[in-house]
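This report refers to the structure that appears directly beneath it.
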Amino acid sequence: MRAARFVAGRLSGMLVVLLMIALISYLVFYLLPADPARLACGRPCTPENLAVARDFMGFGEPWWRQLLDFLGGIVAGRTFGEGAAAIHCPAPCFGYSFQQNAQVIDLIGSHAPVTASLALGAAVLWLVLGVGTGVLAATRPGTAVDRIVMAGAVAGVSAPTYLLGLLGILVFGFTLDMVPVHGYVPLTESPVDWAWHLILPWLVLAYVHAALYARLTRGQMLEAFGEDYIRTARAKGLTERRVVGRHALRNVLLPVVTLFGIDLGSLLGGAVITERVFGLPGIGALIIGAVHELDVPLLLGLTLFAALLVVFCNFAVDVVYGLLDPRTRS
């Protein structure tokens, strides 16, 4: 029952946060000077044609009514227009892009595998490399290993992602001709080519994030080594590997899990810079195209989709927190 109340409380909090994000996002896009109906009106765009376009797209209603229709479409779907020209958007309907003549959820679904491949692959690398090098530096403070790890971490934190990406393309793509620098091959077509085309984006994205994890892990490990329970474990004659792996690292993982959930949720919502540098057709490319074309329904759907991913990842973090530390379930 205690665990059930913990999960139920987090789920209700997720719902409240998503409703607030939907409200704020809709108000922001509603107040934009761009008029999606005018963009779809055609030429000449007479007042009569503009009114017809607004009614068909659902922009002729008050903003609160539009918001309710948008939220209702996610649960039950919605229909744009009437008669033979009507467009039905089944649930979950995150909107309809009239400029691309496609449902937002379909556009997201066609681009999401690319972003998921990039984000999940890089996440595995940065988690292993960041935590591993952080632990290595913490167990050898003041040595050459510690200084090298921290110097690399400072460089990774300071360097912009686009700069590292361009340097990687220049060195490993053009100069050494070792890896592809552009394009994407679906996993279903060829797993080897899929991984080979993503290896450089993975490494660039992983290096930037692993630098943060290395610094965080090292600082938390050094702090843990000064705690009484670590001294007690050593006094009992436990091996250093057991002290580090079972006692110190378990407590260090709590802030690491928090940061990991936030980073992964943000990247799944679109790694805009990395996808742009390497020409990957993911969610980031879809966001940039929607901004350029002022596709407001698509932007709104993408915003809520990205928020949903971030909130869900934070929910997963809370659940993992409860498993690592039962005190957080109270």
Side-chain angles (χ1 to χ4, degrees), residues 118-173 175-176 178-179 195-196 198-264 266-267 271 273-274 277 317 320-321 324-325:
L118 173 63
L120 294 176
V124 173
L125 288 177
W126 87 56
L127 191 61
V128 173
L129 294 176
V131 174
T133 54
V135 171
L136 182 65
T139 54
R140 295 168 175 79
T143 64
V145 173
D146 184 24
R147 289 193 290 268
I148 291 174
V149 171
M150 287 300 98
V154 170
V157 171
S158 306
T161 305
Y162 72 87
L163 178 60
L164 292 177
L166 293 176
L167 288 175
I169 291 174
L170 176 63
V171 175
F172 298 104
T175 304
L176 301 178
M178 294 176 58
V179 294
W196 191 237
L198 287 172
I199 186 65
L200 189 56
W202 280 344
L203 291 175
V204 170
L205 201 55
Y207 177 57
V208 173
H209 287 80
L212 293 172
Y213 285 72
R215 296 181 65 183
L216 175 63
T217 303
R218 178 184 180 274
Q220 294 291 323
M221 288 289 291
L222 291 176
E223 183 177 344
F225 285 155
E227 297 292 336
D228 292 338
Y229 68 92
I230 295 295
R231 288 192 289 267
T232 302
R234 286 171 172 165
K236 289 180 178 180
L238 298 180
T239 63
E240 190 65 18
R241 176 178 296 181
R242 190 177 180 87
V243 170
V244 172
R246 184 170 181 178
H247 295 278
L249 189 57
R250 183 180 180 89
N251 290 280
V252 168
L253 286 178
L254 292 176
V256 171
V257 167
T258 301
L259 184 61
F260 181 74
I262 296 173
D263 288 341
L264 183 60
S266 301
L267 287 179
I273 297 177
T274 306
V277 170
V317 166
V320 174
Y321 247 59
L324 294 176
D325 188 357

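For I230 against A224, the heavy-atom pair with the smallest separation is CG1-O, 3.0 Å. Residue L200 comes nearest to I169 through the heavy atom pair CD2-N, 3.9 Å, listed as atom of the first residue, atom of the second, then distance. Residue T133 comes nearest to A214 through the heavy atom pair OG1-CB, 3.5 Å, listed as atom of the first residue, atom of the second, then distance. In this structure, L267 and A119 approach most closely via the heavy-atom pair CB-CB, 3.8 Å. G165 approaches V204 most closely through the heavy-atom pair N-CG1, 3.8 Å. Looking at every heavy atom in both residues, L222 comes nearest to A138 through CD2-O, 3.5 Å.
Between atom CG of residue L136 and atom CD1 of residue I148 there is a gap of 10.0 Å, rounded to the nearest 0.5 Å. The line from CD of Q220 to OH of Y213 is 13.0 Å long, rounded to the nearest 0.5 Å. Rounding to the nearest 0.5 Å gives a distance of 6.5 Å between CD1 of I199 and CG of L125. Summarising the geometry, atom CG belonging to L163 is positioned 11.5 Å from atom CD1 belonging to I273; distances are rounded to the nearest 0.5 Å. A distance of 13.5 Å separates CG in L216 from CZ in F260, rounded to the nearest 0.5 Å.
With hydrogens and angles disregarded, no donor-acceptor distance shorter than 3.5 Å links the side chain of Y207 to the backbone of W126. Of the possible donor and acceptor atoms, one in the side chain of R147 sits under 3.5 Å from a partner among the backbone N and O of G142. In this structure, T143 contributes its side chain and R140 its backbone to a donor-acceptor pair below 3.5 Å. Judged by distance alone, the side chain of T175 and the main-chain N or O of L170 form a donor-acceptor pair under 3.5 Å.
Partners of D146 according to the salt bridge (Lys or Arg N to Asp or Glu O under 4.0 Å) rule, which considers only residues two or more places apart in sequence or in another chain, are R218.
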Fill in: Verdict with reasoning, L127 to V256, per side chain to side chain contact (heavy atoms under 4.5 Å, CB included)
CA-CA 9 Å; L127 191 61; V256 171; 4.0 Å; yes
Worksheet entry | Evaluation steps, side chain to side chain contact (heavy atoms under 4.5 Å, CB included), between V277 and T161 | CA-CA 9 Å; V277 170; T161 305; over 6 Å; no
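Cation-pi geometry between R234 and F225 is met: the NZ or CZ atom falls under 6.0 Å from the ring centre, inside 45° of the normal.
Counting heavy atoms of neighbouring residues, nucleotides and ligands inside a 6.0 Å radius, atom CZ of F172 does not exceed 12 of them. Counting non-hydrogen atoms of neighbouring residues, nucleotides and ligands closer than 6.0 angstrom, the OH atom of Y162 reaches no more than 12 such neighbours.
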